[in-house]
J.: 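Below: one structure in structure tokens.
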Protein chains: 2
Amino acid sequence: MPKITLDKTDRKILAILQQDGRLSNQDIADKVSLSPSPCLRRIKRLEEAGVIRQYVALLDPAQIGLGLLAYVNVRLEKHSEGGLASSPHAAFAKAVDGWPEVVACYAMTGEMDYLLRVHVEDMEHFSRFMMKTLLTHPAVADVKSSFALTRIKDTTALPLV
Amino acid sequence: MPKITLDKTDRKILAILQQDGRLSNQDIADKVSLSPSPCLRRIKRLEEAGVIRQYVALLDPAQIGLGLLAYVNVRLEKHSEGGLASSPHAAFAKAVDGWPEVVACYAMTGEMDYLLRVHVEDMEHFSRFMMKTLLTHPAVADVKSSFALTRIKDTTALPLV
DNA sequence: CCTGAAATAGATCGCGC
DNA sequence: GCGCGATCTATTTCAGG
């Protein structure tokens, strides 16, 4: 992934696309005071350099029946019984990938190893996910869950430095 | 926001748009075995009902110089000195909205009141954000920070129930 | 709720500046 | 790098089944 330098116009384009990924090239060109061709060239360059990773539609969790958002801290077993090759961390990462209710998972500093963001319908589904999936995984030693009460802010738009 | 029922085709369309929000209506129509007109009607309906909240471009944090991701737990002062009207929670929520490095903030169950997701350039910037912004806020009583070591998974695509 | 055709708008690329 | 203009492809609307 080649590194790239961004000028003011690039950053303006990125800010716009972070708010509305479906704007036409012409509209973007207008907003940054450029004609369509150079604007499109810049966008393509940003896509090819990987600055723009993906275009997506964001859904409303409530509207598709996902009424409960949980953050789950996970600590794994310390000892790697099968040596490094079959480390519990690699196995856990692979398992997480296959759990659709887990939308994000980061290895973290601190006393817990991982932080998971989990979307489910309700507490009953969460309970089932814990019992049948997370706590059943052999690498998991300990978990601590918190539940979202109110969304103050949640955006995919990164600050442009 | 009206509630809505989704059939199998709607869910298929949503799954597709969660992966690629820029697919042309024709391509989507092909994938769900529909002709362009009814496909477009369904998409419009999903947009108007608020199931699709927004289309956005996702950027690579590393490529725009954001090398550090932190999760910060925040606890606020208990006593509301100005009564309910000027509750520290309302003031804190408003402040959070104005901090661009905080991309997400939820009020949570448990001993900490809020969980913040914070993108910054490096530890120096994080330190500055803590000293000059977060810890300076009068409502903040206590904070605990953890830092992301590895991204195992991070997607905006919600599971379709 | 679908198909298909017609009108409108946008993306894309070569070339001159 | 930018902008113009020609071409091609997609979106959008509206007839009718």
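So you know, we letter chains A, B, ... as the sequences are listed, proteins then strands, and number each from 1.
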J.: For A/W99 and A/F129, take the angle between the two ring planes, folded into 0 to 90°, and tell me which bin it lands in: parallel under 30, tilted 30 to 60, perpendicular over 60.
T.: perpendicular
J.: Rounded to the Å, how far apart are A/I4 CD1 and D/dG1 C1'?
T.: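 To the nearest whole Å, that distance equals 15 Å.
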J.: Across nucleotides 3-17 of chain D, 5' to 3', mark each nucleotide with B, S or - according to how protein heavy atoms within less than 4.0 Å reach it.
T.: BBB----SBSBB---
J.: Just by distance, with hydrogens left out, do A/Q19 and B/Y55 show a side-chain donor and acceptor under 3.5 Å apart?
T.: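 Distance-only check fails for A/Q19 and B/Y55.
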J.: What integer distance in Å separates A/L46:CG from D/dG1:C1'?
T.: 15 Å
J.: Is there a donor-acceptor pair closer than 3.5 Å between any side-chain N or O of B/D97 and the backbone N or O of B/K94?
T.: no
J.: Can you run down the side-chain hydrogen bond (donor to acceptor under 3.5 Å, both in side chains) pairs that involve residues 151-161 of chain A, sequence neighbours left out, and say none if there aren't any?
T.: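 Those involving residues 151-161 of chain A are A/R117-A/D154, A/D154-B/Y106.
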J.: Rounded to whole angstrom units, what separation is found between the CZ atom of A/R42 and the P atom of C/dC13?
T.: 18 Å
J.: With a 6.0 Å cut-off on the ring centroids, do A/Y71 and A/F147 count as close?
T.: no
